Amino acid sequence: MAPDQLSYDELVARLEDAEELVGALISEQTDAVVSSAGVHVLRLHETDRALQAAKQGLEQMLTQRTQELRTANENLRQSEERLRRLYESGVVGVVTWTAEGAITDANDKFLEMVGYSREEMESGGLRWADITPPEYRLADAESLAALRETGIGPAYEKAFVRKDGSRISVLVASATLGDAREKGIGIALDISERKRAEQALIRSEKLASVGRMAATVAHEINNPLELVINSVYIASLDQNLSEQARQSLAAAEQELGRIAQLTRQTLGFYRENGAPQDVNVSVLVNEVLEMYAPKILQHALKIESEHDSSLQIKAIPGEIRQVISNILANAIDASAPGGRIRIRSRCVGLKNSRWGRLTLADTGEGIPRENLKHIFEPFFTTKESVGTGLGLWVTSDIVKRHQGILRVKSRRGEGTVFVIMFKTASQEDSCGPGVKSENASPCSGR
Amino acid sequence: VDDNRDIADTLCVILKSAGYECLATYSGEEAAGSLVFAKPDLVIADVVMPGMSGIELCIQLHATNPGLPVILLSGNAATEELLQHGRAHMGDAVVVMAKPCPPRELLRAVQEMTKYKLPKAI
């Protein structure tokens, strides 16, 4: 049935069922059959529908807004979580600070880097100035100026002084918090490993260039030296020499031998020929002591030299002489006038075998703890004007080549002890008859 | 054999003083040439020389006079490695000594090597 054939009642009933009757309302015929009351009903229905639509629109908007808020919240939470992860992960030190230099908060990593406790920080005992070595004050001031100017303190390298006095190399960067730029947040990255690698590289380059130089110069030095040594020897063969000339030439020959030895060994480009032989340690020690006798006398040093005369080690004598000489020279330099140097050798049992133990102890100034780990590195010296920084490096190299063990102990103001363990000679009586009889004077073999 | 004439000459004086006969030559080529009439029991040669080096001389000697003892005097490390290599080819007849070499040590080595090698030398 078409809409124009509907009766009024039917029309109203349909309207009440909220059916779509747009077509019917604009029809000319229906307009005629709809009374004013019917039109009112129609308008009411229309208003109701409009209200419904508005309500639905509002609800939809509300749902959408709620969703947006939820997403924003989630983003915030994720962002917070990311920052927290960075803060807590131990990858990077994070601090908040004030322009006056107070550290108001720090993560565990930062506290670990500088060696302070959380309590110390919270009670105000951790201040930027305390952990900054003097030479980095200027860099800090520049960074603070940049922070005041722009709110950003670009990254720069510096060091922190840890609570125990040691140092740690770091990369730091900062940004201000708030408009006043009086406080901020900073990060610190531990770069000591990289720094060490850098320094090792520089050292090895230094070493390589010296090696090249040594190789070039070696031939130039060794040839004239050979000629001088030959000439002195020939001169000493003359039967008509006065006793004084003979003695002078003998001294010259001996010293030339030492120079030859030094050029070969200190420059490290010569490995003494031949296999290790059985060497009596006490003989070598006495030879070296004789060499240093004038210096020992000059410093009024007391030498206590005690040796197990039967102790024989398997070694290249010239190299061991060099080892003893290097350590003894350092001991003499470190000793105050009247100081004592004790040199002892004996055989000991270690790891089920017999070892020759050589101990050189002085009562000198001692080696500062921070230097102790560097003393076997090439070019490390505290005797800038006279030292080459090669002595102990060569020493450790020689001991290593002899498959020995080199240990050092030192205490400020008390002295330094070097202990070297050598493999003993092959014969039975070179270091006591066996491990078991250590207590029953094992070293009095002959 | 040494291109530094003074070294060659002084070494000769030293050897003569110890009772040996000695001929000083100043290049690898000269040394190789003198073998024909000199008939040495032992050759002492510098390693680094212009022209024929001590090592080349050594290899040539090994071919013409097998078993002839040679003392090579080496001035630096690089040559020493080379020598170790050469020694692997030429055996115990070659001894390497570092320059500068104290005359007493050299004489001891000469005595040692001639004593051992003399019966075999041509």
Side-chain angles (χ1 to χ4, degrees), chain A residues 207-208 210-241 249-275 277 316-319 321-322 394 397, chain B residues 1-20 22 24 26 44-50 53-55 70-84 86-87 92 94-110 112-113:
Chain A
L207 204 62
V210 168
R212 276 194 298 277
M213 187 201 76
T216 319
V217 169
H219 197 239
E220 302 304 314
I221 287 180
N222 287 339
N223 266 327
L225 201 55
E226 169 86 19
L227 183 56
V228 173
I229 289 176
N230 288 350
S231 305
V232 168
Y233 179 81
I234 291 166
S236 74
L237 293 176
D238 192 332
Q239 301 296 318
N240 304 320
L241 285 175
L249 285 172
E253 198 180 324
Q254 195 181 338
E255 291 304 292
L256 281 168
R258 210 157 67 79
I259 292 171
Q261 186 92 336
L262 279 172
T263 60
R264 298 190 302 215
Q265 288 188 336
T266 309
L267 292 176
F269 56 78
Y270 172 71
R271 302 272 148 98
E272 194 169 319
N273 242 326
Q277 55 196 76
I316 296 167
E319 298 201 335
R321 216 177 282 128
Q322 178 92 19
V394 169
D397 189 54
Chain B
V1 194
D2 200 317
D3 58 307
N4 183 324
R5 287 172 175 255
D6 292 330
I7 291 180
D9 290 342
T10 50
L11 277 178
C12 239
V13 174
I14 291 167
L15 286 164
K16 280 176 180 162
S17 78
Y20 295 96
C22 177
Y26 310 119
I44 299 173
D46 185 24
V47 173
V48 183
M49 291 185 289
S53 76
I55 293 174
V70 180
I71 294 175
L72 284 171
L73 290 176
S74 158
N76 64 48
T79 54
E80 180 160 345
E81 272 164 37
L82 206 67
L83 285 163
Q84 298 298 346
R87 220 175 157 182
D92 290 340
V94 181
V95 157
V96 184
M97 297 187 81
K99 241 184 182 181
C101 178
R104 288 174 213 284
E105 277 182 36
L106 185 71
L107 287 175
R108 211 175 302 138
V110 168
E112 194 70 22
M113 292 186 78

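Letters A, B, ... mirror the listed sequences (proteins, then strands); counts begin at 1. From a predicted model like this one, the values you see are computed outputs, not experimental measurements.
Taking CD1 of B:I7 as the reference point, atom CG of A:N230 lies at 7.0 Å (rounded to 0.5 Å). B:L73 contributes atom CG, which lies 11.0 Å from atom CG of A:N222 (distance to the nearest 0.5 angstrom). To the nearest 0.5 angstrom, A:L227 atom CG is 9.5 Å from B:K99 atom NZ.
When the side-chain contact (heavy atoms from CB on, under 4.5 Å) test is applied to A:N240, the partners found at least two apart in sequence or on another chain are A:D238. A:Q254 meets the side chain to side chain donor-acceptor pair (under 3.5 Å) test with no other residue; sequence neighbours excluded.
Inter-residue side-chain proximity for A:E226 and B:L11 is flagged as met; some heavy-atom pair is nearer than 4.5 Å. Looking at B:L106 and A:Y233, their side chains never come closer than 4.5 Å, going by heavy atoms from C-beta outward.
For chain B, the nearby parts of A:L225 are the backbone and the side chain; heavy atoms of each come within less than 4.5 Å.
When all heavy atoms of A:I229 and B:P102 are compared, the pair lying nearest together is CG2-CA, 4.1 Å.
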